[in-house]
Number of protein chains: 2
Amino acid sequence: MTKPQHLDSTEESKSKKSKSERTAERLYEISIQQFLRRGFDETTMRDLAQAADLSPGAFYYHFPSKEAVIQRFYERTFQQFAEAAREAMSAHTRFEARFISLLEARLATFHESRELLIVLSRAAVDPRSTLSPFGPEQKLIREATIDLMRECIDGSDLSAHKKLETYLPELLWMYMMGMIFYWVFDKSPAQKQTHELIRLLTPQIIRLIRFSRIPLTGRVLQPILQVLQLVIPEPLAARRDSPKRNSRV
Amino acid sequence: MTKPQHLDSTEESKSKKSKSERTAERLYEISIQQFLRRGFDETTMRDLAQAADLSPGAFYYHFPSKEAVIQRFYERTFQQFAEAAREAMSAHTRFEARFISLLEARLATFHESRELLIVLSRAAVDPRSTLSPFGPEQKLIREATIDLMRECIDGSDLSAHKKLETYLPELLWMYMMGMIFYWVFDKSPAQKQTHELIRLLTPQIIRLIRFSRIPLTGRVLQPILQVLQLVIPEPLAARRDSPKRNSRV
DNA sequence: AGAATTATTTGAACACGTTTAAAAATCGTG
DNA sequence: CACGATTTTTAAACGTGTTCAAATAATTCT
């Protein structure tokens with residue numbers, strides 16, 4: 001009955017892994033391979049089991065559902081993305097360049113498996129799904145991603161109004177989610193339209209953020225902060241400052 | 001093999017309707033009743049057939065799928081919404097009041113069947129779904145709704161930059177879709193949070209629109225117009241002006 | 001009215017994701 | 001090594017949305 005669980009599967013020498021973990025890994029690789037070849041919906045559990053010389057039941061011993069494979073995929077590509085983003089960001093100090101390179105790193109990491117993301121997008125919409133980026137199951141990845149946004153800000157020349165700054169990592173995260181979403185369903189060749197959108201829209205968003213610092217904007221800023229407070233009641237930054245709070249999100 | 005189809009089911013005296021149309025209507029009513037009682041996912045095709053004293057196959061003769069029932073539901077509530085919105089709007093000339101009352105009319109019309117909208121929201125995310133508000137199947141309702149936005153603007157005091165004005169109906173439509181979406185999954189009691197969001201955010205959006213008219217804003221507006229042009233290549237207003245264009249959207 | 005055509009209904013079957021009880025393989029320990 | 005406990009695998013089944021060929025009811029035509 002012991003289900004193997006770990007997000008931090010970066011180390012551990014090969015031989016040490018339990019048999020269960022090794023077959024889970026094998027099933028994962030075969031599954032992704034099949035998904036990419038035939039598409040997620042088109043690939044049957046029976047297909048997967050057969051491709052792995054196992055029974056469907058055995059598959060379910062290792063993964064609680066077909067979608068659970070996507071969860072592992074999402075964790076893996078997140079690791080790659082985080083590395084690539086840090087690497088790409090390190091070359092710049094201007095926020096715009098840093099953030100755009102982060103966004104592009106995200107899309108690049110997803111590039112070969114865009115089809116798979118349709119499943120994630122479908123799930124994204126229903127907060128009850130275990131794959132929903134807003135749900136508790138994705139808390140680790142979500143918060144790690146938001147932290148990455150903070151890194152992107154901290155190493156840059158960006159400055160904003162203090163109160164807005166608190167919400168900035170979450171805001172950038174949402175912005176990125178929106179761009180990923182647009183990209184997944186972007187039918188233009190090589191998803192050119194999304195890249196164009198990022199190129200055009202991002203500087204304007206940044207301009208607005210910078211704008212928040214000049215004093216006269218109180219009348220504009222205050223209602224926006226109210227909205228943010230409503231939509232993001234517990235920003236990560238605030239939670240970090242006062243870890244007393246009950247952090248079930 | 002003749003499948004009955006009509007969006008404009010407002011008139012036609014009872015007796016005139018074909019038998020097919022009458023049983024389809026009966027199936028629809030029974031289905032919605034069951035969906036509301038037990039939930040969409042929880043209600044089985046066999047449940048529906050049994051409740052209507054029919055076989056599952058007969059159900060599929062009248063509706064191509066379980067989701068197709070939602071399509072009819074969506075059409076019906078759209079009619080109600082359009083009436084309620086026109087009624088509510090007629091009381092105001094200030095754009096803010098007009099638009100907010102339109103939004104509230106939309107939520108009010110959906111109020112009793114919020115659960116059902118989860119299905120629509122799920123489908124909304126996948127542009128390939130027949131229920132996607134962006135797909136060709138929803139073209140009629142989508143364009144009728146966008147026209148309603150234009151009515152909301154036209155009868156009001158709102159004025160914006162000429163070029164922005166072209167995109168305004170589509171923009172308001174997207175804004176409303178976003179609010180509906182937020183509302184569907186809003187877990188706060190009586191969806192208070194969504195109403196609060198509408199109350200806070202809408203005036204700010206309107207302020208931005210009004211802002212576009214003052215001349216100095218060229219540097220801000222121009223990139224935004226570029227983005228709009230990218231995301232909404234063929235705004236409805238423009239299509240109305242030059243009906244030559246091939247209008248497969 | 002009777003025959004031919006068409007519209008509607010049936011009930012069994014399909015394919016899918018998933019569950020489950022039991023069998024088989026593996027492991028830990030005397 | 002052997003034996004009991006645990007982990008892994010199996011094959012059959014469940015419940016789902018949906019399809020389909022055949023049967024029945026309704027309608028149209030002569």
Side-chain angles (χ1 to χ4, degrees), chain A residues 1-6 15-28 30-31 34-35 38-72 116 118-119 122-123 126 128-131, chain B residues 1-6 15-28 30-32 34-35 38-72 116 118-120 122-123 126 128-131:
Chain A
M1 283 279 180
T2 323
K3 298 275 177 61
Q5 285 273 37
H6 48 132
S15 53
K16 266 230 207 99
K17 288 183 179 168
S18 67
K19 189 198 172 193
S20 179
E21 190 45 46
R22 268 183 291 120
T23 52
E25 186 59 28
R26 196 169 64 88
L27 288 180
Y28 166 73
I30 288 176
S31 301
Q34 299 282 327
F35 288 159
R38 297 213 262 273
F40 182 83
D41 287 331
E42 290 72 23
T43 306
T44 278
M45 278 320 246
R46 289 161 182 83
D47 289 344
L48 293 182
Q50 194 173 358
D53 262 315
L54 274 179
S55 67
F59 198 104
Y60 277 90
Y61 179 77
H62 296 283
F63 290 92
S65 74
K66 199 178 163 189
E67 288 203 346
V69 182
I70 305 293
Q71 168 68 20
R72 182 177 284 225
L116 277 190
I118 293 179
V119 183
R122 266 207 292 261
D126 193 339
R128 300 168 310 180
S129 159
T130 57
L131 285 178
Chain B
M1 283 281 178
T2 324
K3 297 275 176 61
Q5 284 274 34
H6 50 132
S15 54
K16 266 231 206 96
K17 288 184 180 171
S18 67
K19 189 200 173 193
S20 179
E21 189 46 45
R22 267 183 292 118
T23 52
E25 185 60 27
R26 197 170 62 88
L27 288 179
Y28 167 74
I30 288 175
S31 300
I32 295 294
Q34 299 283 328
F35 288 161
R38 296 213 263 273
F40 181 83
D41 288 331
E42 290 71 23
T43 306
T44 275
M45 279 319 249
R46 288 160 183 84
D47 289 344
L48 294 182
Q50 193 173 358
D53 262 315
L54 274 178
S55 67
F59 198 103
Y60 277 91
Y61 179 78
H62 296 283
F63 290 92
S65 75
K66 198 179 163 190
E67 288 203 346
V69 182
I70 306 292
Q71 168 68 21
R72 182 177 282 225
L116 277 190
I118 293 179
V119 183
L120 268 177
R122 265 208 291 261
D126 193 339
R128 299 169 310 181
S129 159
T130 56
L131 285 178

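Here is the naming used below: chain letters follow the sequence lines, and residue numbers restart at 1 for every chain.
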Item to check | Side chains of A:Val69 and A:Phe35 in contact at under 4.5 Å (non-hydrogen atoms) | outcome: yes
Checklist entry - Are B:Arg72 and B:Leu27 close enough that some pair of their side-chain heavy atoms sits under 4.5 Å apart? => result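 No, too far: nothing below the 4.5 Å cut-off.
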Could you tell me the separation between the [atom1] atom of [X] and the [atom2] atom of [N], rounded to a whole number of Å?
| X | N | atom1 | atom2 | result |
| --- | --- | --- | --- | --- |
| B:Met45 | D:dT19 | CE | C1' | 12 Å |
| B:Phe40 | D:dG17 | CZ | C1' | 10 Å |
| A:Leu48 | C:dC16 | CG | P | 11 Å |
| B:Leu27 | C:dT9 | CG | C1' | 12 Å |
| B:Gln50 | D:dT16 | CD | P | 12 Å |
| A:Lys66 | C:dT19 | NZ | C1' | 17 Å |
| A:Arg22 | D:dT8 | CZ | P | 10 Å |
| A:Tyr60 | C:dT19 | OH | C1' | 9 Å |

Item to check | Shortest non-hydrogen separation from B:Ala51 to B:Gln34 and the atoms involved | outcome: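 Residues B:Ala51 and B:Gln34, closest heavy atoms: CB-NE2, 3.8 Å.
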Checklist entry - If you take all heavy atoms of B:Ser20 and B:Thr23, which pair is closest and at what distance? => result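 Heavy-atom minimum between the residues: O-OG1, 3.0 Å.
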Next on the checklist: Show, in sequence, the C-alpha distance, side-chain angles and deciding distance for A:Lys66 and A:Phe40, and conclude whether the side-chain contact (heavy atoms from CB on, under 4.5 Å) test is met.
Outcome noted: CA-CA 9 Å; A:Lys66 199 178 163 189; A:Phe40 182 83; 3.8 Å; yes
Checklist entry - B:His62 side chain N/O closer than 4.0 Å to the phosphate oxygens (OP1, OP2) of C:dT9? => result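 Answer is yes, contact under 4.0 Å.
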Next on the checklist: Taking ring pair (Phe, Tyr, Trp, His ring centres under 6.0 Å) as the definition, give me every residue that meets it alongside A:Tyr28, ordered by chain and number, with sequence neighbours left out.
Outcome noted: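 Not a single residue meets the ring pair (Phe, Tyr, Trp, His ring centres under 6.0 Å) criterion with A:Tyr28.
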Item to check | Listed nucleotide nearest any side-chain atom of B:Thr44, set C:dT18, D:dT16, D:dT18 | outcome: D:dT16
Grab the N/O contacts between the protein and nucleotides 10-14 of chain D below 3.5 Å, and write none if there aren't any.
residue : atom : partner : partner atom : Å
D:dT10  : OP2  : A:Ser55 : N            : 2.7
D:dT10  : OP2  : A:Ser55 : OG           : 3.4

